[in-house]
Amino acid sequence: MTQAPTQPAARQPEHRYLRIADLRRLRHLFFSSKRVVEGQYAGRHASPQRGHSVEFNDYREYIPGDTLSDVDWKVFGRSDKLFIKLFEHQSDMTVNLLVDASASMAYRGMAALPHAGTSWLNRVSLAASKRQAGDARRAIDLPSKYDHACLMAAAIAFLTTKQQDKVSFTLAREGLARFHRPQGSFTHLNNILRDMETAKLTGEARLADALKDLVRRVSRKGLVVVFSDLLEDQESVLKALAAFTHRGNEVIVFQVLHAEELKLPAVDEAVFVDSETSRRRRLNVADVRASYEQRMRRFIDGWSTALRARNIDHQVVSTATPYHKALERYLFNRASMT
């Protein structure tokens, strides 16, 4: 009996936020915790848990971000290669990702307008004149703040999964809008990517409410990584983040801002539009440029000072910087401080 030839499997569509070219860029990176984590003894991160033995278990090659005290220097002397000693009390890590999915994160820049989800400091956005908007490219070609945040979050989720660690994912929109509990499979990663791609960016993030809900769902110590433009009430967000640090979690906040938010574009006249109320105000940009950029600097510095005072890592990410370069620079700087 002749068997019918097997049909080739259909090629899986490429995800918007994790593409083949990106995987090549990320293959040499490693995402680790600076603090002690809890897990199931399966990973490569220092754990506070203790079993009956803390005996030597195995070696693995050194990866940037590892603690130098774990290097076996005798092996280095013989082989001129860096290897890490693994012990039975080492643990896997959970990385909890939270992405702001509010209307303010939909801003793609002046060239994409008219656009419903624009925002600036105090939820104000810059709109181009009709003449400039007529020359705009399609919005799909212009990544939003949300796109930039998801590209970074997807990369971290991929690295975490590749390391055989666990990742959870949360969308913040009017509080906690979607939650994927921590898992470590590539099927789980695909589910996260699909939710990123189909999210509707509307309303407020209510970041503090989302964080309060998330902390009740996070049972192990690990990393909490937040991506947001931080157009939120600072005091309530800081209080919500403190619940994670008090439980021993490490918290990283990536403040994602559009390049035109950081520095007003070179136009003479513009209409500033509130992303929530749609109220408009036409202004001469030259008249407000200096005071706007000074206020933006105070806004960013205020968040940075408040977060770092609470031992929370704060990084500003501009949409003008390719996401993989921003992530690579951050991870190398992080490894050098370990």
Side-chain angles (χ1 to χ4, degrees), residues 100 102-137 139 142-149 172 201-208 226-239 241 253-310 312-321 323 326:
D100 183 335
S102 63
S104 69
M105 293 292 286
Y107 185 63
R108 297 177 182 277
M110 204 172 63
L113 295 173
H115 191 280
T118 57
S119 77
W120 288 96
L121 181 61
N122 291 336
R123 305 190 185 280
V124 176
S125 67
L126 180 68
S129 66
K130 291 183 179 179
R131 174 180 59 80
Q132 292 160 329
D135 297 330
R137 291 182 289 153
L142 301 163
S144 66
K145 292 188 286 182
Y146 175 80
D147 293 332
H148 215 70
L201 308 184
T202 59
E204 299 180 14
R206 282 172 41 199
L207 191 57
V226 178
F227 298 87
S228 175
D229 52 17
L230 296 181
L231 300 179
E232 299 275 334
D233 177 69
Q234 186 180 99
E235 185 176 351
S236 61
V237 171
L238 292 173
K239 185 175 180 180
L241 289 172
V253 176
F254 288 101
Q255 187 174 11
V256 184
L257 296 168
H258 197 278
E260 293 175 6
E261 288 179 305
L262 294 167
K263 186 174 182 180
L264 294 177
V267 295
D268 296 327
E269 190 177 60
V271 178
F272 288 79
V273 184
D274 189 294
S275 63
E276 293 180 357
T277 66
S278 297
R279 292 176 59 185
R280 295 168 175 260
R281 178 171 296 182
R282 185 179 295 276
L283 294 171
N284 185 306
V285 176
D287 291 343
V288 300
R289 184 182 302 278
S291 60
Y292 170 85
E293 293 177 5
Q294 183 181 41
R295 188 177 180 186
M296 175 57 79
R297 188 70 260 161
R298 288 201 303 267
F299 169 67
I300 294 171
D301 289 346
W303 273 108
S304 183
T305 300
L307 289 167
R308 293 184 180 187
R310 291 162 175 79
I312 295 173
D313 202 352
H314 172 256
Q315 296 290 318
V316 176
V317 178
S318 169
T319 57
T321 303
Y323 86 93

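All values below come from the heavy atoms of this structure, side chains included, with hydrogens, waters and symmetry mates left out. Small disclaimer: the values here were computed from a predicted structure and weren't measured.
The two residues Glu232 and Leu207 make their nearest non-hydrogen contact at OE1-N, 3.2 Å. Nearest heavy-atom pair, Phe299 versus Leu230, reported as atom, atom and distance to 0.1 Å: CZ-O, 3.4 Å. Across all their heavy atoms, Leu262 and Ile300 have their closest contact at CD2-CD1, 3.5 Å. In plain terms, the two heavy atoms of Arg108 and Leu142 that are nearest each other are NH1-O, 2.7 Å. Nearest heavy-atom pair across Arg280 and Val271 is CB-CG1, 3.7 Å. Between Leu201 and Ser102, the shortest heavy-atom contact is CB-O, 3.7 Å.
Checked against salt bridge (charged side-chain N to carboxylate O under 4.0 Å, His left out), Arg298 has no partners two or more places apart in sequence or in another chain. Remark: Ser304 engages Arg308, His314 in a side chain to side chain contact (heavy atoms under 4.5 Å, CB included) (not counting sequence neighbours). Among residues two or more places apart in sequence or in another chain, the side-chain hydrogen bond (donor to acceptor under 3.5 Å, both in side chains) test is passed with Asp301 by Arg297. In this structure, the side-chain hydrogen bond (donor to acceptor under 3.5 Å, both in side chains) partners of Ser144, at least two apart in sequence or on a different chain, are Asp147. Ser236 meets the side-chain hydrogen bond (donor to acceptor under 3.5 Å, both in side chains) test with Asp233; sequence neighbours excluded. Judged as a ring-ring contact (aromatic ring centres under 6.0 Å, His included), and not counting sequence neighbours, Tyr323 has no contacts.
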Starting from the C-alpha separation in whole Å, work towards a yes-or-no answer on side chain to side chain contact (heavy atoms under 4.5 Å, CB included) for Leu238 and Trp303. CA-CA 9 Å; Leu238 292 173; Trp303 273 108; 4.3 Å; yes
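For the pair Ser291 (side chain) and Val288 (backbone), a donor-acceptor distance under 3.5 Å is present. In this structure a side-chain-to-backbone donor-acceptor pair under 3.5 Å is missing from Tyr146 to Ala103. Side chain of His148 to backbone of Leu257: no donor-acceptor contact under 3.5 angstrom is found. Looking only at distances, a side-chain donor or acceptor of Arg289 sits under 3.5 Å from a matching main-chain atom of Pro265.
In this structure the side chain of Val226 never reaches within 4.5 angstrom of the side chain of Val237, judged on heavy atoms. Between Arg310 and Leu241 there is no side-chain heavy-atom pair separated by less than 4.5 Å.
Considering Lys145, His258, Glu260 in turn, Glu260 is the only one that fulfils the side-chain hydrogen bond (donor to acceptor under 3.5 Å, both in side chains) rule with Tyr107.
Using a cutoff of 4.0 Å between basic side-chain nitrogens and carboxylate oxygens, Lys263 and Glu293 are not scored as salt-bridged.
Taking the six-membered ring where the residue is Trp, Phe254 and Phe227 present parallel rings, their angle staying beneath 30° rather than reaching 60°.
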